[in-house]
Every structure is written in C-alpha cells, then in structure tokens.
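Please read the structure below before turning to the comments.
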There are 2 protein chains.
Amino acid sequence: MQITRAGEYAIMGATCLARRGLGKAVMIHEVCKEEHIPRSFLAKIFQALTKAGIVRSQRGIRGGFTLARPSAEITVLEVLEAIEGKLAFDRRLQEPASCHDTHACTLCDLFTEAQHRVREIMGSTTLADLTRPKAEVMKRIQGGNLHNGNGPRARALQTI
Amino acid sequence: MQITRAGEYAIMGATCLARRGLGKAVMIHEVCKEEHIPRSFLAKIFQALTKAGIVRSQRGIRGGFTLARPSAEITVLEVLEAIEGKLAFDRRLQEPASCHDTHACTLCDLFTEAQHRVREIMGSTTLADLTRPKAEVMKRIQGGNLHNGNGPRARALQTI
DNA sequence: GGTAATTAAGACCTTTTTAGTCCTCTTTTC
DNA sequence: GAAAAGAGGACTAAAAAGGTCTTAATTACC
Ligand code: SF4
Ligand code: SF4
C-alpha cells in the first residue's frame, strides 16, 4: 500500500520541470541534484513520461526535458499512472470478471470507493498546484473545494 | 499501490467469522474453503489477528476462531493495519523527520490528505457493514454519510 | 490418562517486484 | 566531426510477497 520510488520521483521530477517553466530545457543531471534522485533511475522514469506525452525531450548539446503542456494541465494522478500503471487497490479491480462468485461479497465495492477518493484528489491536483506556497496548497487540499467546489468538508475524522 | 493478499484475506476471513456470529468457533479449514484462501496462509494471518485482539482462538477439538468483539465494533481499517502495518502512502509518512529539506515541497501534504481519505472510509466501515446486502452497502458507502453524516457527496468526479 | 483434533510458532522456500546500474546507440549542436 | 545530451535494452542485487512445512502446545472426549 505504498507509492513506489519511481512514482514519487516522477512527481518530484515533473514538479521540478514545472518550476522552471514551460519550454525551458532542463538536464536530468540538474533535476537529480535538486531532488536527490539517482541519475540513471530518473533517466528511465523521464523516458516513460516522454512516451506518455507528459514531458518532451531534446537530445544533444543544450538538450534536456521540459513539460509537454502547461503545468496547470497536468495532474499528479496522470504522472503517477504513467509510471505505475492504472491505480488499483486490488488486483481484481484491474481486470473485472475475476469475481469467483458474484454472491453477496461487497469488499471490492469498498475498495472501489476508497480508490475513487484517492483518484479524486490526485486527479484534481496539478503540478502547478504543487509549486505554490505551502500554506496555500494546504488550504486548497484540505478545504475540499476541488474544481467542483462543495464547501469545506467535515474534518471530524481526524483521529481515525 | 495495492493491498496485499494477506490484507485482503484478513478482511475476508474476519468477515466470514462475522457472518457466523459472535462466540461461534469456526475452524480455519471452513473459512478457507468458503473464501478460497490457502489454509496455512490463513493460519498465519489469523494468528496475527489474534495477537492484535481482533479474533480469539480456541485450540483442540471443537476449537477454531471467533471475533473478539461484535462485528459492528471492528473496522476494516483495523483489520488491514493489523496485517499490513499502519497505512502509509509514502515511506516518509511512516516516520516523520525524514524530510531532507523543509523547503517548499508539498508532496507529502498531498499524500497525507489522500491517505486520510482512505482511512476515513476504511475506518468507518465495519465488518458488520460488509455482511449486509450489497445494495445497502453500496448506498451507505457511496452516500458519503458516514458516522458523522454530512449529506450526499458530489459525484461529479466519476470520470477522473 | 491417552488420543485425536485443533491452533501456535517459527524456520524455510520460491517467485515477483523494486530500485536501480551499465553499456551501447542515436540525435543534436557547435 | 567532436562533444553533449537523451533512448533503449540488458542486467542485477535486495527486498517483499506469498506461501509451505515441521514441530510444538492445548483441549475435548473416551
Ligand atoms: S467483490 Fe468480493 S467476491 Fe467479488 S471479486 Fe471482490 S473480493 Fe472477490
Ligand atoms: S514534503 Fe517533500 S521534501 Fe518533505 S519529505 Fe515529503 S517529499 Fe520530501
């Protein structure tokens, strides 16, 4: 139940590019140094992000990586799934029809909902959001007013 | 980013005990057969649940396992964490103070919130809930009116 | 008290995944 | 054409997942 390093590094790396601005080519080396990520590992990760159309690469002298789109249009979920594959809390939620008996078991329904909640927040948080000042980000994330705003949400479950 | 088989089996196994009722000793063998879980693997899992005070064991002839408390007082989160350890989306959220630089990085704040949402639903769903008819469970889970009820929540993000 | 049935405990095993590295291309700029 | 990037693929070590197996310790019942 943990995000892999690869996924984590992908988000950090992409956020790093977001901070540099669109169109500015940044070398792997620079990103690695800034975010403390092993160089050849990040190279692999950025390769995958390139294929996924999230970043663009430029070879040769003065080459590097840059975001393929404005950072406000790239969600954290998108980056994560480009590396880890589609988010699935349970193997049975990846490919359906593996339910051995369609009787009264409701476990996958619970998993689906939990997963949905994660997708909700990850899918509505963009790289641009992550580059904003901490206080602002916290307020946005915890306020619960995502892009379909529905007021401040209850925080009564803090202790759970 | 997946729940392990052990965690999954733990919930299924405990739910199976919940269906039999409090105090009724059920042998591992029976649970395994019903839920399609390898016998010796479930034995290990139930052993851990026993130590965690979630189930009670009885050795010898006519022995078996039973829930240690009413099923309505045992949350899915509790069972899951007894097996997998405390839920943590990122290694850095398990033990704090591993933040190499406390600068403007807000990634862990996002992870914390995502994790919180999972705890919210897993922590408010009990084994008793899982034994109820499917339609009823779905309604409860998706309605969003958990034990601190705050009305039906927006489902606009269905497509995310 | 003996025996059969049941869980407890821990050592052990195999496969898969994670977290990388390394080497050889290819592309691009100067 | 030389130097400086990334692309691609093969490879690897360590850890985690997903179990099994064997030897106890209990307990009910005859
Ligand atoms: S809902 Fe229950 S029976 Fe169906 S696939 Fe999920 S765990 Fe298995
Ligand atoms: S908030 Fe950012 S810098 Fe701090 S531990 Fe998390 S990822 Fe690292």
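Residue numbers start from 1 in every chain, and the chains themselves are labelled A, B, ... in the order their sequence lines are given, proteins ahead of strands.
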Per-helix bend value, the helix from C/dG1-D/dC30 to C/dC30-D/dG1, C1' rotation axes over five pairs per end, 10° rounding, shows 10°
Could I get the full list of side-chain contact (heavy atoms from CB on, under 4.5 Å) partners for A/T4, not counting sequence neighbours? A/A6, A/E84
Just to verify, what does B/D90 make a side-chain contact (heavy atoms from CB on, under 4.5 Å) with, not counting sequence neighbours? A/E8, B/R92, B/L93, B/F111
Strictly below 4.0 Å, heavy-atom distances to any atom of DNA chain D: list the hits from residues 23-31 of chain B, or just say none.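 Nothing qualifies; none.
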At under 4.0 Å, does any side-chain N or O of A/Y9 touch on OP1 or OP2 of C/dG20?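 For C/dG20, OP1 or OP2 has a side-chain N or O of A/Y9 closer than 4.0 Å.
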Check whether any side-chain nitrogen or oxygen of A/S57 sits under 4.0 Å from OP1 or OP2 of D/dA7, and answer yes or no.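 Yes, within the criterion.
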Filter on side chain to side chain donor-acceptor pair (under 3.5 Å), then keep only pairs touching residues 45-54 of chain B, sequence neighbours left out; what's left?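 Qualifying pairs, neighbours excluded: none.
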Atom [atom1] of [X] and atom [atom2] of [N]: how far apart are they, to the nearest Å?
X: B/R39; N: D/dG18; atom1: CZ; atom2: C1'; value: 17 Å
X: B/I45; N: D/dG19; atom1: CD1; atom2: P; value: 8 Å
X: A/R56; N: C/dT28; atom1: CZ; atom2: P; value: 14 Å
X: B/E8; N: D/dG19; atom1: CD; atom2: C1'; value: 15 Å
X: B/I3; N: D/dG18; atom1: CD1; atom2: P; value: 12 Å
X: A/I83; N: C/dT17; atom1: CD1; atom2: P; value: 17 Å

Tell whether A/K44 reaches the base of D/dG6 with its side chain through a donor-acceptor pair below 3.5 angstrom.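 Per atom types, no contact qualifies.
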Set of residues satisfying salt bridge (charged side-chain N to carboxylate O under 4.0 Å, His left out) with respect to A/D129, sequence neighbours excluded: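 Per chain and number, A/D129 pairs via salt bridge (charged side-chain N to carboxylate O under 4.0 Å, His left out) with A/R132, A/R140.
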Examine B/L22 and B/F46 and state if one hydrophobic cluster contains both, with Ile, Leu, Val, Met, Phe, Trp and Tyr joined whenever side-chain heavy atoms are less than 4.5 Å apart. yes
Shared ILVMFWY cluster between B/M122 and B/M138, side chains joined below 4.5 angstrom?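 Per the 4.5 Å side-chain linkage, B/M122 and B/M138 are not co-clustered.
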Just wondering, do B/R117 and A/E120 contact through their side chains at under 4.5 Å, heavy atoms?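 Yes, side chains in contact.
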Is the shortest side-chain heavy-atom distance between A/L107 and B/T15 below 4.5 Å? no
With sugar-phosphate taken as primed atoms, P, OP1 and OP2 and all else as base, the protein-contact string of nucleotides 12-17 of chain D at under 4.0 Å (heavy atoms; B, S, -) is -----S
Show me, pair by pair, the donor-acceptor contacts under 3.5 angstrom made by side chains of residues 59-76 of chain A, not counting sequence neighbours?
{"residue": "A/T66", "atom": "OG1", "partner": "A/G23", "partner atom": "N", "Å": "2.9"}
{"residue": "A/T66", "atom": "OG1", "partner": "A/K24", "partner atom": "N", "Å": "3.4"}
{"residue": "A/T66", "atom": "OG1", "partner": "A/K24", "partner atom": "O", "Å": "3.4"}
{"residue": "A/R69", "atom": "NH1", "partner": "A/E73", "partner atom": "O", "Å": "3.3"}
{"residue": "A/R69", "atom": "NH1", "partner": "A/E78", "partner atom": "OE2", "Å": "3.4"}
{"residue": "A/R69", "atom": "NH2", "partner": "A/E78", "partner atom": "OE2", "Å": "2.6"}
{"residue": "A/T75", "atom": "OG1", "partner": "A/E78", "partner atom": "N", "Å": "3.1"}

Restricting to side chain to side chain donor-acceptor pair (under 3.5 Å), what partner residues turn up for B/Q2, sequence neighbours left out? none
Can you list the residues that meet the side chain to side chain donor-acceptor pair (under 3.5 Å) rule with A/E30, with sequence neighbours excluded?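 Partners of A/E30 by the side chain to side chain donor-acceptor pair (under 3.5 Å) criterion, ordered by chain and then number, come out as A/R20.
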Residue pair B/E35 / B/M12: nearest heavy atoms and the distance that separates them: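 Nearest pair, atom of B/E35 first, then B/M12: OE1-CE, 3.6 Å.
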Is the closest basic N to carboxylate O distance between B/K139 and A/E113 below 4.0 Å? no
Contact residues, residues 59-71 of chain B to DNA chain C [heavy atom, < 4.0 Å]: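 Residues of residues 59-71 of chain B that come under 4.0 Å of DNA chain C are, in numerical order, B/R59, B/G60, B/I61, B/G64, B/F65.
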Can you list every pair that meets ring pair (Phe, Tyr, Trp, His ring centres under 6.0 Å) and has a residue in residues 9-35 of chain B, with sequence neighbours left out?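 Sorted result for residues 9-35 of chain B: B/Y9-B/F41.
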Would you kindly compare A/Q47 and B/Q58 by the position of their nearest DNA chain D nucleotide and give the one closer to the 5′ end?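 First, find each residue's nearest nucleotide; the 5'-ward one identifies A/Q47.
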Side chain of A/K51: nearest nucleotide among D/dG8, D/dA7, C/dA8?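 Side chain of A/K51 sits closest to D/dG8.
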